[in-house]
Undergrad: 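Here it is, the structure in full.
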Amino acid sequence: MKLASFAVVALASGLLAAAQGSPKPDNSLKPAACTTAGVRKEIRSLTDAEWSVVSSVVLAMNRDGWGRWFAYVHTQNFNTIHGNSQFFPFHRRFTIDYEQIAQRYSSSFYLPYWDTVSDYRAPQTSEVLTNKYIGGNGQGANGCVSDGFLANINVGYPNTHCLVRKFDKGDGIINSWYAPEYILSIIQRDTTMAQFRPDMEMSLHGAVHLGLGGDMIEQWSPNDFAFMVHHANMDRLWDQWQDNGNTWVMDGVDNKGANMTIDSQILAYNEPVSSVMQLGHGSACYYYDTNLPEDRNLPSQASAVAQSAVAKDKSNSSNGKKNNGEDSDDSKKTKRIVHPAKTNKPDIDDFFRGVASDVAAGVQQLNEDIKDGLEEVDQFFKDAFKGITKGLSKSLHKSAQNVVTTLPPNVLDRWFPKMAGLGKDIANNKVTGLKRPQKGPQHCQQGCCCHPCPADSGQQVGKDAQV
């Protein structure tokens, strides 16, 4: 039975609850800066040596049972970490946990991300889904992945089976994902987690899970390494949203309807949300290549090679292996405490059934507003999406002039408010030197918002953008 809901649970999880803004943490609550912080890169930008490290370590972790472990943790906590404000902090901590385990096999391992927005038109043609990287659609009646570095592997949860992918449109085709315009508009418009979380979880997040199908539409989706590179990208987009004046914003409610703040505990980890709120601090010892700080202290990755510590010997692999649900003595810094939800699979409908239609109407209005200049705008985002989102944090990309000169003021004001606010200066090429915060929190947004979930509109956005 197909269980594809990483999103529908949100409808019953207090989406319309009042958002209570988090206070700025005092110095005693701020996580310490990391001594060194590595860089998470887009998967296609990795050198051959870096990709060799990543792929070798992932296979070794799967061999040693870690793939099964992460699939188990995600399944046991599924109902409590989706559809509420636990979504982003949990998944950030989850990818950190995975990365820290991987670094026991190779210290040069940093989790890559997949910039899925760049592949939104025809995702099945992405280089990421080829033999060079994670492989493509599953083959045969069972949909077993037969190419890429994951070719013909077995995964272990909830039972031993081949890694399965079944692209959602059939015949090896994936329905279009969400256009860059839509995602950038969310990053610019939303000012509370109660807005941002459903807007992202119900759109790009869900579309990628559905598009790949197979294990990726199940609660045990971490069986597929596609989960990790996808959620690293979701984490990167959260970081970009945070860097738009929302660094310490945490509000909305958890799965029980309790207000979420930076003092709330991350489910399954018993650590405060504040510990993952700022990259380069606390347990989040990494940055993304699209948004690097000025005063970073980064280890060199230029000479990364596939190390023999990829754990072919039992002594190394045993240091990273779980026994009977307990961590070994040397794994205390990556403490994993599972708080099981229901142990049996709930019967959940597909992603976007029954979600609010007014957001779909809003997206349609966006398409109508910009359709006259859509080809030019779409080309701009195709060329410069990374640049402009990075630029909003550091120095605005020169080609941002195209946006403020192409879109009418009313469209900028509604859908790209941050860009509209700087529109005149952008057009005159006067905006420079906007830096991401390095020390201490920024101001927090507070207030009440009631925001519905985006409907299944990504495919429509993608299709409209191809005119």
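All residue numbers refer to positions in the sequence shown, counting from 1.
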Undergrad: Is there a side-chain contact between Asp251 and Thr261 in this structure, where contact means two heavy atoms from C-beta onward sitting under 4.5 Å apart?
TA: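 Not touching, per the 4.5 Å side-chain cut-off.
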
Undergrad: Measure the acute angle between the ring planes of Trp114 and Trp177, then classify it against the limits of 30° and 60° as parallel, tilted or perpendicular.
TA: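 Trp114 vs Trp177 ring planes: perpendicular.
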
Undergrad: Identify the two heavy atoms, one from Gln86 and one from Gln265, that lie closest to each other, and give their separation to 0.1 Å.
TA: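 In this case the closest contact between Gln86 and Gln265 is NE2-O, 2.9 Å.
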
Undergrad: Check whether any side-chain heavy atom of His205 sits under 4.5 Å from a side-chain heavy atom of His231, and report yes or no.
TA: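 Side chain of His205 against side chain of His231, heavy atoms only: contact under 4.5 Å found.
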
Undergrad: For Ser275 and Glu271, indicate whether the former's side chain and the latter's backbone hold a donor-acceptor pair under 3.5 Å.
TA: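 Such a contact is absent between Ser275 side chain and Glu271 backbone.
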
Undergrad: Can you say whether the rings of Phe227 and His91 are parallel (under 30°), tilted (30 to 60°) or perpendicular (over 60°)?
TA: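 The arrangement is tilted - the two ring planes meet at 30° to 60°.
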
Undergrad: Using a 3.5 Å distance criterion without hydrogens, assess whether the side chain of Asn291 forms a donor-acceptor pair with backbone atoms of Tyr287.
TA: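 Absent.
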
Undergrad: Please check if the side chain of Gln219 supplies one atom and the backbone of Phe78 the other of a donor-acceptor pair under 3.5 Å.
TA: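 No, because the side chain of Gln219 does not come within donor-acceptor range (under 3.5 Å) of the backbone of Phe78.
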
Undergrad: I want to check something: taking the side chain as every heavy atom from C-beta on, are Val145 and Val164 in contact at a cut-off of under 4.5 Å?
TA: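 Side-chain contact under 4.5 Å: no.
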
Undergrad: Which residue in the set Thr290, Asp289, Asn233, Asp235 passes side-chain hydrogen bond (donor to acceptor under 3.5 Å, both in side chains) when paired with Tyr113?
TA: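 Running side-chain hydrogen bond (donor to acceptor under 3.5 Å, both in side chains) over Thr290, Asp289, Asn233, Asp235 with Tyr113 returns exactly one hit, Asp289.
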
Undergrad: To the nearest 0.5 Å, how far apart are SG in Cys285 and CD in Gln103?
TA: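 Rounded to the nearest 0.5 Å, the SG-CD separation comes to 9.0 Å.
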
Undergrad: Rounded at 0.5 Å granularity, tell me how far CD in Gln242 sits from CD1 in Ile187.
TA: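 It comes to 11.5 Å.
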
Undergrad: Salt bridge or not for Asp119 and Arg44, using N-O below 4.0 Å?
TA: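 Arg44 and Asp119: salt-bridged.
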
Undergrad: Search all heavy atoms of Ile134 against all heavy atoms of Ala226 and return the closest pair with its distance.
TA: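 Taking every non-hydrogen atom into account, CD1-CB, 3.8 Å.
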
Undergrad: Hey, what do you get for CD1 (Ile153) to CZ (Arg63), rounding to the nearest 0.5 Å?
TA: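 Result: 13.0 Å between the selected atoms.
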
Undergrad: Verify the distance criterion only: is there a donor paired with an acceptor across the side chains of Asn84 and Asn255 at less than 3.5 Å?
TA: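 No, Asn255 and Asn84 have no side-chain donor paired with an acceptor closer than 3.5 Å.
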
Undergrad: Using side chain to side chain contact (heavy atoms under 4.5 Å, CB included), reason through Phe167 and Asn175 one step at a time and then give a plain yes or no.
TA: CA-CA 8 Å; Phe167 291 174; Asn175 283 310; over 6 Å; no

Undergrad: Quick one, Leu237 with Trp241, criterion side chain to side chain contact (heavy atoms under 4.5 Å, CB included). Give me CA distance, side-chain angles, the key distance, then yes/no.
TA: CA-CA 6 Å; Leu237 295 172; Trp241 179 76; over 6 Å; no

Undergrad: Any side-chain to backbone donor/acceptor pair from Thr75 onto Ala71? Under 3.5 Å, distance only.
TA: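 Yes, Thr75 side chain to Ala71 backbone: donor-acceptor pair under 3.5 Å.
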
Undergrad: I'd like to check Met202 versus Arg197 (side-chain heavy atoms, cut-off strictly below 4.5 Å). Are they in contact?
TA: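 Result yes, sub-4.5 Å side-chain heavy-atom pair found.
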
Undergrad: Can you give me the closest heavy-atom contact between Met277 and Val249, atom names plus distance?
TA: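 Met277 and Val249 have their closest heavy atoms at CE-O, 3.5 Å.
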
Undergrad: Between the main-chain N or O of Ser185 and the side-chain N or O of Gln188, is there a donor-acceptor pair closer than 3.5 Å?
TA: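 Such a contact is absent between Gln188 side chain and Ser185 backbone.
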
Undergrad: Against the six-membered ring of Tyr110, is Arg40 placed for a cation-pi contact (under 6.0 Å from the centre, within 45° of the normal)?
TA: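 Arg40 over Tyr110 ring: no.
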
Undergrad: Using only atom types and a distance under 3.5 Å, with no angle test, would you say the side chain of Thr125 pairs donor to acceptor with the backbone of Ala122?
TA: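 Side chain of Thr125 to backbone of Ala122: a pair is present.
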
Undergrad: Look up atom CG in Asp147 and atom CG in Asn152, then write down how far apart they are to the nearest 0.5 Å.
TA: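 Asp147 atom CG to Asn152 atom CG measures 9.0 Å (nearest 0.5 Å).
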
Undergrad: Once you round to the nearest 0.5 Å, how far does OG of Ser221 lie from CE of Met216?
TA: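 It is 6.0 Å, given to the nearest 0.5 Å.
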
Undergrad: Please determine which of Phe90, Phe87, Phe88 meets the ring pair (Phe, Tyr, Trp, His ring centres under 6.0 Å) test together with Trp238.
TA: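 Answer after filtering Phe90, Phe87, Phe88: Phe88.
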
Undergrad: State, to 0.1 Å, how close Met260 and Pro89 come at their nearest heavy-atom pair, and which atoms those are.
TA: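 It is CE-CG, 4.4 Å.
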
Undergrad: Does Asp243 reach the main-chain N or O of Asp239 with its side chain, forming a donor-acceptor pair under 3.5 Å?
TA: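 Absent.
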
Undergrad: Of all heavy-atom pairs between Pro222 and His74, which one has the smallest distance, and what is that distance?
TA: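 Looks like CG-CB, 3.6 Å.
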
Undergrad: Quick check for you: to the nearest 0.5 Å, what is the distance between Ile174 atom CD1 and Leu210 atom CG?
TA: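 Answer rounded to 0.5 Å: 11.0 Å.
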
Undergrad: Using ring centroids (six-membered ring only for Trp), state whether Tyr133 and Trp51 fall under 6.0 Å.
TA: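 They qualify: ring centres under 6.0 Å apart.
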
Undergrad: Do any N or O atoms from the side chain of Asp254 and from the backbone of Ala258 form a donor-acceptor pair under 3.5 angstrom?
TA: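 At least one qualifying donor-acceptor pair exists.
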
Undergrad: Take Val39 and Tyr286 through the side chain to side chain contact (heavy atoms under 4.5 Å, CB included) test and state the conclusion after the steps.
TA: CA-CA 5 Å; Val39 180; Tyr286 62 91; over 6 Å; no

Undergrad: Please collect all disulfide bond (SG atoms under 2.5 Å apart) contacts where either partner lies in residues 78-156, sequence neighbours excluded, each pair once.
TA: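 Only Cys144-Cys162 qualify under disulfide bond (SG atoms under 2.5 Å apart).
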
Undergrad: Can you check whether Met228 reaches Phe94 side chain to side chain, under 4.5 Å on heavy atoms?
TA: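 Yes, close enough: below the 4.5 Å cut-off.
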
Undergrad: Is there a side-chain contact between Glu218 and Tyr157 (heavy atoms, below 4.5 Å)?
TA: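 Counting from C-beta outward, Glu218 and Tyr157 never come under 4.5 Å.
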
Undergrad: Test your reading of the model: is there a side-chain donor-acceptor pair from Gln139 to the backbone of Ser146, 3.5 Å cut-off?
TA: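 No, Gln139 side chain to Ser146 backbone: no donor-acceptor pair under 3.5 Å.
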
Undergrad: With a 6.0 Å cut-off (strictly less than), is the heavy-atom count around CG of Asp171, excluding the residue itself, greater than 12?
TA: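 No, not enclosed.
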
Undergrad: Mind listing the closest non-hydrogen atom pair of Asn137 and Lys166 along with its distance?
TA: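 Smallest heavy-atom distance, with atoms named: OD1-CA, 3.4 Å.
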
Undergrad: Taking the six-membered ring of Tyr269, is the NZ or CZ of Arg93 close enough (under 6.0 Å from the centre) and on axis enough (within 45°)?
TA: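 Verdict for Tyr269: a cation-pi partner in Arg93.
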
Undergrad: Do side-chain atoms of Ser56 reach the backbone of Val53 as a donor and acceptor pair under 3.5 angstrom?
TA: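 Between the backbone of Val53 and the side chain of Ser56 there is no qualifying donor-acceptor contact (under 3.5 Å).
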
Undergrad: Just so I know, are the side chains of Ile183 and Met200 near enough to count as touching, which here means a heavy-atom distance under 4.5 Å?
TA: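 Side chain of Ile183 against side chain of Met200, heavy atoms only: contact under 4.5 Å found.
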
Undergrad: Side-chain contact test, heavy atoms from C-beta onward, threshold under 4.5 Å: evaluate it for Val155 versus His161 and give yes or no.
TA: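 The answer is yes; the side chains approach within 4.5 Å.
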
Undergrad: Check the pair Asn77, Val73 against side chain to side chain contact (heavy atoms under 4.5 Å, CB included), reporting the backbone distance first and the verdict last.
TA: CA-CA 6 Å; Asn77 294 281; Val73 172; 3.7 Å; yes

Undergrad: Give the intermediate values and the outcome of salt bridge (charged side-chain N to carboxylate O under 4.0 Å, His left out) for residues Arg165 and Asp215.
TA: CA-CA 6 Å; Arg165 289 199 200 119; Asp215 279 285; over 6 Å; no

